[in-house]
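What follows is a single structure, written as structure tokens, with notes after it.
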Amino acid sequence: MESKQQAVPKFEWDFDVPDTPFWKGIDMRIARNFITCYEPDELERIPFDEKSSLPEPEKLMFLLNELKSSLAAQQAAAAPEKLDQTNPVAWRRLLLGIETMYKYLDMPKEEAETIRIMLSTTEGEARVPWINMLADLEVRNGNFAEAEALAREVLPWIQAHEKLGRDSPQAMGTTRTLIKSMWKQGGKKTDEARRVVGETQVLIDNMGTSKFAKYQSEEKQMLRELVDVLEGENGPKGGADSNN
């Protein structure tokens, strides 16, 4: 009797990067946040093949310029109305694409401005992902107290969301932001960060039976790598999987 393999679930944020020379080696988030801004016929008109031999930073700048051109064209078409009012879905997707390129191009000022523009034109729960992005940016900018406050603001919402939850990749990502932001503040904050590491290890250990089981190994590795880096900065004091 043949055993039936359980299908690995695919979530709405999962994305298959095109198997073409241009996209080879490009992070899934970059590809997803660009491609979802366009219809298939629009993508066919973008000269990816001509840019396939470019180094990655130049590819990202090419994608950024395409997104900016698309945003400008759609804003002009919407005038005198504002695009965030006439087509909020397109507005959010284009701003997310632009923010992603700035992040991977290490352009923090432009990234911050993009996030703040989005927050100024967004209300309610739609603000949560952008506050989360701002928390991540503040960590990278060394503003650890600000990052902690932002992460604490959005983490309960993510953990309680019916499509997400405490062991979702989104919650885990925000938890790592919280851990790093507290750890870097030192003193009692570092002790608190260590406690959160322990709680997160337990969540990851139990992921094998959750709907997010396919992410268990990746989440375990990312937490271990984060703690290794933080421990390396402060000296060895034990951390994720320290007994393995």
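Note that the structure is predicted; figures quoted are calculated from it, not measured.
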So if you build clusters from Ile, Leu, Val, Met, Phe, Trp, Tyr with side-chain heavy-atom gaps below 4.5 Å, do M222 and V227 land together? no

Carboxylate-amine/guanidinium contact R176 E219, below 4.0 Å: yes

Compare every heavy atom of V196 with every heavy atom of T175, then report the nearest pair and how far apart it is. CG2-CG1, 3.8 Å

Is the shortest side-chain N to carboxylate O distance from D19 to K24 below 4.0 Å? no

Beyond-backbone contact of E99 with L96, side-chain heavy atoms, under 4.5 angstrom: yes

If you group Ile, Leu, Val, Met, Phe, Trp and Tyr by side-chain heavy-atom gaps below 4.5 Å, do M107 and I26 land in one group? yes

So, for E192 and M182, which heavy atoms are closest and what is the spacing to 0.1 Å? CD-SD, 3.7 Å

Please say whether more than 12 non-hydrogen atoms of neighbouring residues, nucleotides or ligands are located less than 6.0 Å from CZ in R140. yes

Does the ring of F22 carry K59 above it, NZ/CZ under 6.0 angstrom from centre and within 45° of its axis? yes

For a quick test of reading the model, state the closest non-hydrogen atom pair linking A78 to T86 and the distance between them. CB-OG1, 3.6 Å

Test of understanding: clusters of I, L, V, M, F, W, Y form through side-chain heavy atoms closer than 4.5 Å, transitively. Do I98 and I117 belong to the same one? yes

Going by heavy atoms in the side chains, are K103 and D136 under 4.5 Å from each other? yes

Please report the shortest heavy-atom distance between I46 and F62, naming the atom on each side. CG2-CZ, 3.7 Å

pair L71-L95: side-chain heavy atoms closer than 4.5 Å: yes

Could you tell me whether E148 and R152 have a side-chain N and a carboxylate O separated by less than 4.0 Å? yes

Identify whether the distance between the nearest side-chain nitrogen and carboxylate oxygen of R45 and D41 falls below 4.0 Å. yes

Do N132 and T174 have a side chain donor and acceptor closer than 3.5 Å? yes

Under 3.5 Å, side chain of N87 to main-chain N/O of A90, donor-acceptor pair present? yes

State, without any angle test, whether Y215 and S168 hold a side-chain donor-acceptor pair at a distance under 3.5 Å. no

Interatomic distance, R93 atom CZ to Q74 atom CD [nearest 0.5 angstrom]: 10.5 Å

If you round to the nearest 0.5 Å, how far is CD of E66 from CE of M101? 11.0 Å

Using distance alone, with no hydrogens and no angle criterion, decide if T121 and D84 have a side-chain donor and acceptor under 3.5 Å apart. no

Looking at every non-hydrogen atom in both residues, tell me the closest pair between L67 and C37 and how far apart they are. CD2-SG, 3.8 Å

To the nearest 0.5 Å, tell me how far Y104 OH sits from I30 CD1. 5.5 Å

Step-by-step side chain to side chain contact (heavy atoms under 4.5 Å, CB included) determination, W183 to L226: CA-CA 11 Å; W183 195 301; L226 172 61; over 6 Å; no

Treating Ile, Leu, Val, Met, Phe, Trp and Tyr as nodes and any side-chain heavy-atom pair under 4.5 angstrom as an edge, say whether L43 and L54 lie in one connected cluster. no

Separation between CG (L134) and CG (L119), nearest 0.5 Å, reads 6.5 Å

Side chain of E42, backbone of E39: donor and acceptor closer than 3.5 Å? yes

Answer yes or no: is there a donor N or O on one side and an acceptor on the other, between the side chain of D27 and the main chain of R29, under 3.5 Å? yes

Look up atom CH2 in W91 and atom CE in M118, then write down how far apart they are to the nearest 0.5 Å. 7.0 Å

Membership question, hydrophobic clusters at under 4.5 Å side-chain separation (ILVMFWY): are M28 and F34 in the same one? yes

For atom NZ of K211, is the number of surrounding heavy atoms from other residues, nucleotides or ligands below 6.0 Å larger than 12? yes

Does the pair M172 and L203 meet the rule for a side chain to side chain contact (heavy atoms under 4.5 Å, CB included), with working shown? CA-CA 9 Å; M172 291 292 180; L203 281 174; 3.8 Å; yes

Parallel, tilted or perpendicular, judged at 30° and 60°: which one describes the rings of F48 and W23? tilted

Would a distance-only check, ignoring hydrogens and angles, find a side-chain to backbone donor-acceptor pair under 3.5 Å from Q216 to D205? yes

So, do R92 and V89 sit near enough that their side-chain heavy atoms are less than 4.5 Å apart? yes

Would you say that N206 contacts D167 through its side chain, given a criterion of any heavy-atom pair below 4.5 Å between the two side chains? no

How many angstroms lie between CD1 in I115 and CZ in R127, if you round to the nearest 0.5 Å? 12.0 Å

Can you check whether S181 reaches L150 side chain to side chain, under 4.5 Å on heavy atoms? no

For M207 and F212, the nearest pair of non-hydrogen atoms, with its separation, is CE-O, 3.1 Å

